[in-house]
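Reading through the C-alpha cells given below for one structure.
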Amino acid sequence: MFFYFEIIKYIMPTIFCNLKQIQTRIREAEQTYQRDENSVKLLAVSKTKPASFIVSAYQAGQRHFGENYVQEALDKQLELGAFDITWHFIGAIQSNKTKVIAAHFDWVHCVDSFKIAQRLSSQRPDFLPPLNICVQVNISDEESKSGISLEELTDLILQISELPNLCLRGVMAIPAPQIDFFAQREPYQKLVSAVKKLKNENLTTFSFGMSDDLEAAIAEGSTCVRIGTALFGGRN
Ligand SMILES: *Cc1c(COP(=O)(O)O)cnc(C)c1O
C-alpha cells in the first residue's frame with residue numbers, strides 16, 4: 001500500500017501534465033494543418049502500465065483507452081469496472097481470442113482478415129451494440145505481417161459491411177518509423193487518398209499517429225491518434 005500511494009503521488013501530476021501537453025499538441029496541429037477544431041480524438045494507450053495510471057488520466061478527463069494484450073486488459077477492466085471507460089483493442093488479434101475481445105471491448109482497430117471479422121461479429125454478445133471496427137492497412141512496413149494491402153481494401157470493406165454485429169468505422173495504420181516529417185506524412189497521405197477514392201461514407205475514422213508522429217498524422221487527416229509513451233512514459 002505504501003508503494004502504491006508513493007507511486008500515485010509522483011505519477012499523477014506527471015500524467016496530468018503530459019495529457020495537457022498532448023492535448024495542446026493536437027489542438028495546435030489541427031490549427032496548423034487547417035483541420036476542424038476537436039476533429040482529432042486522443043486514444044490513451046495504456047499497455048504494460050498499471051490501472052492506477054489509467055485512473056490518473058481518467059481523473060484528468062481522458063475516457064478512451066487502448067490495450068494490446070487481452071489478459072492484461074481484462075485484469076484492468078475488472079479493477080476499473082466502476083469507471084466510464086471506452087475500451088479499444090489495438091493489438092494483434094489471434095483467432096482464439098476473438099470471443100473475449102468481442103465481449104469486452106467497444107472498438108477493435110486491427111482487423112485485417114474477413115475470418116477475424118466474421119468471428120468478432122458472430123461472437124459479439126446480443127445485449128451489446130455492434131462492435132466498432134477499423135481495418136488495419138499495411139502502407140509502408142513491408143517487414144510487418146499485420147495489415148492488408150491497399151489493393152485488398154475494397155473487397156474486405158465490402159465483405160465486412162455485410163456482417164450484422166460489426167460497425168465499420170474506418171482504417172488504422174502503423175507505418176514503419178521515420179524521423180523526417182515529410183517521410184512520416186507520405187504513407188498516411190497514400191492511405192487517405194486511397195480511402196477517399198472508395199467513396200464509402202462509413203469510413204470516417206482514420207486511426208493513425210503515435211507519440212513520435214502525431215503532427216504528421218494530423219496533417220494528413222488522422223481523426224484518432226493513439227498515444228502511449230508521451231502520456232504514460234516509456235515501456236521496457
Ligand atoms: C503501443 C502502441 C501505440 C502507442 O505508441 P507510442 O509510440 O508509445 O505512443 C499506438 N498504437 C499501437 C497499435 C500500439 O501498439
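Whatever order the structure lists them in is the order used to number ligands and atoms, beginning at 1. Excluded from the calculations below are hydrogen atoms, water molecules and symmetry mates; all remaining heavy atoms, backbone and side chain alike, are included.
- For Gln31, the CD atom counts as loosely surrounded, since its 6.0 Å shell holds 12 or fewer non-hydrogen atoms of other residues, nucleotides or ligands.
- With respect to Lys76 and Glu79, no salt bridge is recorded, no charged nitrogen being found less than 4.0 Å from a carboxylate O.
- The 12-atom threshold is not exceeded at CD of Glu186, counting heavy atoms of other residues, nucleotides or ligands nearer than 6.0 Å.
- Applying the side chain to side chain donor-acceptor pair (under 3.5 Å) test between Arg169 and each of Thr205, Thr223, Asn132 identifies Asn132 as the sole match.
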Can I get a per-line list of side-chain donor-acceptor pairs under 3.5 Å for residues 224-236, giving both atom names and the distance, sequence neighbours left out?
unit_1, atom_1, unit_2, atom_2, d
Arg226, NH1, Ser207, O, 2.7
Arg226, NH1, Ser207, OG, 3.0
Arg226, NH2, Ala173, O, 3.3

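- Enumerated by chain and number, the residues approaching ligand 1 to less than 4.0 Å through a heavy atom are Val45, Lys47, Asn68, Ile90, Met172, Ile174, Met210, Ser211, Arg226, Ile227, Gly228, Thr229, Arg235.
- Atom NZ of Lys197 is surrounded by 12 or fewer heavy atoms from other residues, nucleotides or ligands within 6.0 Å.
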